[in-house]
There are 2 protein chains.
Amino acid sequence: MATQRVPQATAERLPLYYRSLQRLVDNGKTRISSSDFGKIVQIDSTTIRKDFSYFGALGRKGYGYNTQHLLEFLRKTLYQDELSKVILIGVGHLGTALLNHNFERNNNTRIVRAYDINPEKAGKEIGGTKIHLMDELAKTDNSDITAAILTVPAERAQEAAEQAMASGIRGFLNFSPVRLTLPPDVYVRHVDMTVELQALIYFLNHSMEEKQNK
Amino acid sequence: MATQRVPQATAERLPLYYRSLQRLVDNGKTRISSSDFGKIVQIDSTTIRKDFSYFGALGRKGYGYNTQHLLEFLRKTLYQDELSKVILIGVGHLGTALLNHNFERNNNTRIVRAYDINPEKAGKEIGGTKIHLMDELAKTDNSDITAAILTVPAERAQEAAEQAMASGIRGFLNFSPVRLTLPPDVYVRHVDMTVELQALIYFLNHSMEEKQNK
DNA sequence: CATCAATTGTTCCTATTTTCACAATCTTTG
DNA sequence: CAAAGATTGTGAAAATAGGAACAATTGATG
């Protein structure tokens, strides 16, 4: 396998490709060209072909890509053929929503436990997931857990992450706006709606200004 | 004002800078160097200085940046000195969480109305925000609304966006995984937890493999 | 089964983003 | 108030990402 190093930008697009392909296969589509697929995911067809090419020749010239085949390839590449267990820390409004949602059907990820600092919430269940008291976290063996979803207030994010690390967790999806200080072998990704909305507002206003200057 | 064009990557970092500075000012810090700030936001200090430099000289050599001054500058640049009104479409689990949260205190963005297709939800209030029936959306004049938050199922996202557009909305924060087909003067940003989690899982597994090969 | 149309995989080029390196200049201190 | 130390702003280099162009090759067609 002459699998070159896959660029970060490519890797970050794979989940979108996977999702969109799932939908195509569900709708009975058996083949797709990079340019048709590009229209769906709104990415240039050259970029798509190059992305796939890092993994070898997945398509056929003059034909395009077999959706089923491509989907299976992506499923393996994204480790979606095995169940990924995650825990959730912080059962506030957002945490509750994620528990109720718990990563829809054809996605092989499950929140298996939740933790909260509030004793009133501990012991209860939301969406079939049991809530434990925060103190139990560090005592649990979580070495089979892929990642922790952090939906705690900003002030408590660092502390919560450290407790999760102590239990063996090496990946975080951080919904709080603070940047966590963690060892280099720990991987963190951020989701921040406030930041996204502010960026949106910035671009909206600035594209308007540009137009006025023309 | 020799304000060059601000690179997209820079613009996308501004909200993070703004948030982090808010926290510094709240804690009484009056000055900060680019390298100390870089540690907080986990961005190289050179990148920070260059980001700020697109807006002119905001710092003082040998001193660093005045946090209060910088915060005020960013507030204006991000249009946070005026209230941005947004609407929310789709009052499911996630939509409900966002309504209850409604963009914390020192953030000048408010969800002013919500819409849902379900007649049972219409008329009710969540977090002080009234829910309207979806049909009313296209009939409302929303030209004073900056953006719409889309928290509807994937199948309904395109349709919902079009109705919002008909009422005058030009910006979207799309929580559904589908890419919207909209005119070029409409701006869309995506937030997708499933995608983020899959990317996280990918990077976790692949950094492990890399280490094994050494 | 020869021709035409379609479409990939890939090379080369361009644009964007990040990082390095350092002169300029401000602050602090004795 | 002079010297030492700190830190910015920026030009140039390096790294990363995106896109145009096209040969190679496959599928479809009569």
Side-chain angles (χ1 to χ4, degrees), chain A residues 1-17 21 24 29-70 73-74 179 199 202-203 206-207 210, chain B residues 1-17 21 24 29-70 73-74 179 184 199 202-203 206 210:
Chain A
M1 254 210 272
T3 320
Q4 288 186 46
R5 201 193 121 272
V6 176
Q8 164 126 352
T10 294
E12 292 184 335
R13 280 188 290 266
L14 298 181
L16 172 62
Y17 295 156
L21 267 168
L24 285 176
K29 206 152 175 61
T30 58
R31 65 179 267 195
I32 192 147
S33 69
S34 62
S35 80
D36 285 351
F37 194 52
K39 278 168 202 150
I40 292 171
V41 295
Q42 294 180 8
I43 291 172
D44 189 279
S45 66
T46 308
T47 303
I48 291 177
R49 290 200 300 281
K50 186 172 284 172
D51 282 346
F52 290 156
S53 79
Y54 292 111
F55 301 97
L58 298 173
R60 297 214 302 281
K61 298 186 182 185
Y63 175 89
Y65 297 86
N66 177 296
T67 54
Q68 186 73 50
H69 175 254
L70 194 54
F73 170 79
L74 283 172
R179 261 42 187 170
Y202 178 87
F203 286 118
H206 277 263
S207 70
E210 261 169 47
Chain B
M1 259 210 274
T3 321
Q4 288 185 45
R5 199 193 123 273
V6 176
Q8 165 128 349
T10 294
E12 291 183 336
R13 280 188 290 265
L14 298 181
L16 172 63
Y17 295 158
L21 267 168
L24 285 176
K29 206 154 176 58
T30 57
R31 65 181 264 194
I32 191 148
S33 69
S34 63
S35 80
D36 286 352
F37 194 52
K39 279 169 201 150
I40 293 171
V41 296
Q42 294 179 8
I43 291 172
D44 188 278
S45 65
T46 309
T47 303
I48 292 176
R49 290 201 298 280
K50 184 156 279 176
D51 281 346
F52 289 156
S53 80
Y54 293 110
F55 301 97
L58 298 173
R60 296 215 302 281
K61 297 185 181 183
Y63 175 89
Y65 298 86
N66 177 296
T67 54
Q68 185 72 51
H69 176 252
L70 194 55
F73 171 79
L74 283 172
R179 264 38 188 172
Y202 178 87
F203 286 118
H206 278 263
E210 261 170 47

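Below, chains carry the letters A, B, ... as their sequence lines are ordered, and counting in each starts from 1.
Using a 4.5 Å heavy-atom threshold, the side chains of A/F37 and A/L21 count as touching. When side chains are defined from C-beta on, B/T47 does not count as touching B/K50, because their heavy atoms never get closer than 4.5 Å. Between B/R49 and B/Y65, some side-chain heavy-atom pair lies under the 4.5 Å cut-off.
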Please table the atom pairs, donor to acceptor, closer than 3.5 Å between any side-chain atom in residues 9-17 of chain B and protein atoms at least two apart or in another chain.
residue, atom, partner, partner atom, Å
B/T10, OG1, B/D51, OD1, 2.6
B/E12, OE2, B/Q8, NE2, 3.2
B/E12, OE2, B/R189, NH1, 3.1
B/E12, OE2, B/R189, NH2, 3.3
B/R13, NE, B/Y17, OH, 3.4
B/R13, NE, B/D51, OD2, 2.6
B/R13, NH2, B/D51, OD1, 3.0
B/R13, NH2, B/D51, OD2, 3.3
B/Y17, OH, B/D51, OD2, 2.6

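One interatomic measurement links the two molecules: CZ of B/R60 to C1' of D/dT7, which rounds to 12 Å at whole-angstrom precision. Rounded to an integer number of Å, the gap from A/L70 CG to C/dT7 P is 15 Å. As a whole-Å value, the separation of B/F52 CZ from D/dT7 P is 15 Å. The interatomic distance linking B/N66 (CG) with C/dC26 (P) rounds to 16 Å, in whole Å. In this structure, CD1 of A/I48 is placed 13 Å from C1' of C/dT7, rounded to the nearest angstrom.
Within the 4.0 Å cut-off from OP1 or OP2 of C/dC26, not a single side-chain nitrogen or oxygen of B/Y65 is found.
Only B/S33, B/S34, listed by number, bring a heavy atom of residues 30-39 of chain B to less than 4.0 angstrom from any atom of DNA chain D.
Side chain of B/T67 to main chain of B/K29: a donor-acceptor pair is present (N/O by atom type, distance under 3.5 Å, no hydrogens or angles).
A distance below 6.0 Å separates the ring centres of A/F55 and A/F73.
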> Once each nucleotide of nucleotides 16-24 of chain C is scored for protein heavy atoms under 4.0 Å, what B/S/- sequence comes out, 5' to 3'?
Replying inline: -SSBBB--B
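In this structure, NE2 in B/H69 is found 6.5 Å from CG in B/L58, a value given to the nearest 0.5 Å. For the atom pair CD1 (B/I32) and CG (B/N66), the distance works out to 11.5 Å, reported to the nearest 0.5 Å.
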